[in-house]
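Below: one structure, written as structure tokens.
Order of the sequence lines fixes the chain letters, A, B, ..., with proteins taken first and strands second; residue numbering starts at 1 for each chain.
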Number of protein chains: 2
Amino acid sequence: MTRDEDASRPAGLVYDAWRGVLFATSRTLQIAEPDLIARAGFPLTWLDVLAQLYDAADDGLRMQELEQRSLFTRSGLTRLVDRIEAAGLVRREAVPGDRRGVQVVLTPEGRRRHDAAFADHNKFIEREFGRRLTEAQLRAVAEALATFWHDDEVSAEG
Amino acid sequence: MTRDEDASRPAGLVYDAWRGVLFATSRTLQIAEPDLIARAGFPLTWLDVLAQLYDAADDGLRMQELEQRSLFTRSGLTRLVDRIEAAGLVRREAVPGDRRGVQVVLTPEGRRRHDAAFADHNKFIEREFGRRLTEAQLRAVAEALATFWHDDEVSAEG
DNA sequence: TAGCAGTATCTGTCACGTCAACTATTGATT
DNA sequence: AATCAATAGTTGACGTGACAGATACTGCTA
């Protein structure tokens, strides 16, 4: 009664897939994070934010938009952006039509640091994550898990 | 110069797979954690520990062994076990031949709570994670990512 | 058996992220 | 124009995990 599943699928299949996903994430992050910090001087959370801003238009993103695109709560983001701003990689600017809001914009320095960090991080992922899977497996994983991003509560923008 | 990869594999393939794994983990945990807390009254970190002890022999595991099997540092585990012990689900016992060490053992209450929580959590994963993938996809993911657990630094015990 | 390197675990201190409550501003209603 | 619900963002208090350093014990060597 403790370890069986609905009989519709082979017992443990879902759990094995989930376990794999969980471990792949943990193990990879566990080495990717120190690597990024050593090379770029900041953690993955910063890179997430910088990358969002990099992909956005030149006038940056509002806190709200950052929140939707990240896995943070709004207050978490406030603090995160505080730190990145203190380091000079982003700047908070007034929003033309709305005095409540804030635009977060990449500084030139921020853009430079992003580029370097992104390239390094990508190489690292290519090497440490990619090396463990064949091309067919990568394709299968990418395709199977794609449903988790362009999806649900990512909500239409604008 | 910013977003291309080694030409040996289609650009972005590794990244797409990695992104998928990352998002699958985050999104699933983001809903599984509150669910577990609501049902079992404790978070996933507790379930991890309880499950390790459940799978171990009756005399439990040493902190050291727990550390190897979990994704925590030793000091993190000390605190985690503190809390679980305070809740009465595990007990620290002396190790017969070594007065430095500690055996962490499941209490009867701990065993009961584990069983219920594990069953609930599994059902939840089956439902929320499993529902998004076909059986073939589950199989592919499980097989592709298996390399991340029976692996490397899991190190032979004893 | 005194000394000492090594091992097992715990504690002080700190950084990060969350929740709930708060401030400021907007826009609709009257 | 005055009111007020809704929206944008920040802040206070707190829980959790990490790192480095402390403490207690073991087992080898002299």
Nucleic acid contacts - residues 91-105 of chain A versus DNA chain C, non-hydrogen atoms under 4.0 Å: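 Within residues 91-105 of chain A, the residues near DNA chain C are A:Asp98, A:Arg99, A:Arg100.
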
What pairs with A:Glu85 under salt bridge (Lys or Arg N to Asp or Glu O under 4.0 Å), at least two apart in sequence or on another chain?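 By the salt bridge (Lys or Arg N to Asp or Glu O under 4.0 Å) rule, A:Glu85 matches A:Arg92.
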
Partners of A:Arg99 by salt bridge (Lys or Arg N to Asp or Glu O under 4.0 Å), sequence neighbours excluded?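 In terms of salt bridge (Lys or Arg N to Asp or Glu O under 4.0 Å), with neighbours along the sequence ignored, A:Arg99 is linked to no residue.
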
How would nucleotides 13-21 of chain C be written as a contact map, 5' to 3', with B for base contact, S for sugar-phosphate-only contact and - for no contact, using protein heavy atoms under 4.0 Å? B--SSBBB-

At how many degrees, to 10°, do the end axes of the helix from C:dT1-D:dA30 to C:dT30-D:dA1 meet when each uses five pairs?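 Angle reported: 10°, given to the nearest ten degrees.
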
Determine, using ring centers only, whether B:Phe129 and A:Phe148 are less than 6.0 Å apart.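 A:Phe148 vs B:Phe129: aromatic centres under 6.0 Å.
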
So that I can tick it off, tell me whether B:Lys123 and B:Glu126 are bridged by a salt bridge, with the cut-off set at under 4.0 angstrom between side-chain N and carboxylate O.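 Salt bridge between B:Glu126 and B:Lys123, a charged N being under 4.0 Å from a carboxylate O: no.
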
Tell me, please, which residues at least two apart from [X] pass side-chain contact (heavy atoms from CB on, under 4.5 Å).
X	result
A:Ala116	none
A:Arg127	A:Phe124
B:Leu29	A:Trp18, A:Leu22, B:Thr25, B:Leu44

To the nearest angstrom, how far is B:Gln64 atom CD from C:dG6 atom P?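 One finds 16 Å between P of C:dG6 and CD of B:Gln64, rounded.
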
Test your reading of the model: is there a side-chain donor-acceptor pair from A:Arg69 to the backbone of A:Gln52, 3.5 Å cut-off?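 Absent.
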
Mind checking ring-ring contact (aromatic ring centres under 6.0 Å, His included) for A:Phe72 and listing every partner two or more places apart, or none if nothing turns up?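 Result, ring-ring contact (aromatic ring centres under 6.0 Å, His included) vs A:Phe72: none returned.
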
Please identify the 5'-most and 3'-most nucleotides of DNA chain D with any atom under 4.0 angstrom from a heavy atom of chain B.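 That gives a stretch of D:dT16 to D:dT26.
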
Over 60° means perpendicular and under 30° means parallel, so tell me whether A:Phe118 and B:Tyr15 are parallel, tilted or perpendicular.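 Correct class here is tilted.
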
Applying side chain to side chain donor-acceptor pair (under 3.5 Å), name anything that partners A:Glu67, two or more places apart in sequence or on another chain.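 Counting only residues at least two positions away or on another chain, A:Glu67 forms a side chain to side chain donor-acceptor pair (under 3.5 Å) with A:Arg74.
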
I need the full list of ring-ring contact (aromatic ring centres under 6.0 Å, His included) pairs touching residues 26-50 of chain B, with sequence neighbours left out, sorted by first then second residue.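 Listed once each, the pairs are B:Phe42-B:Trp46.
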
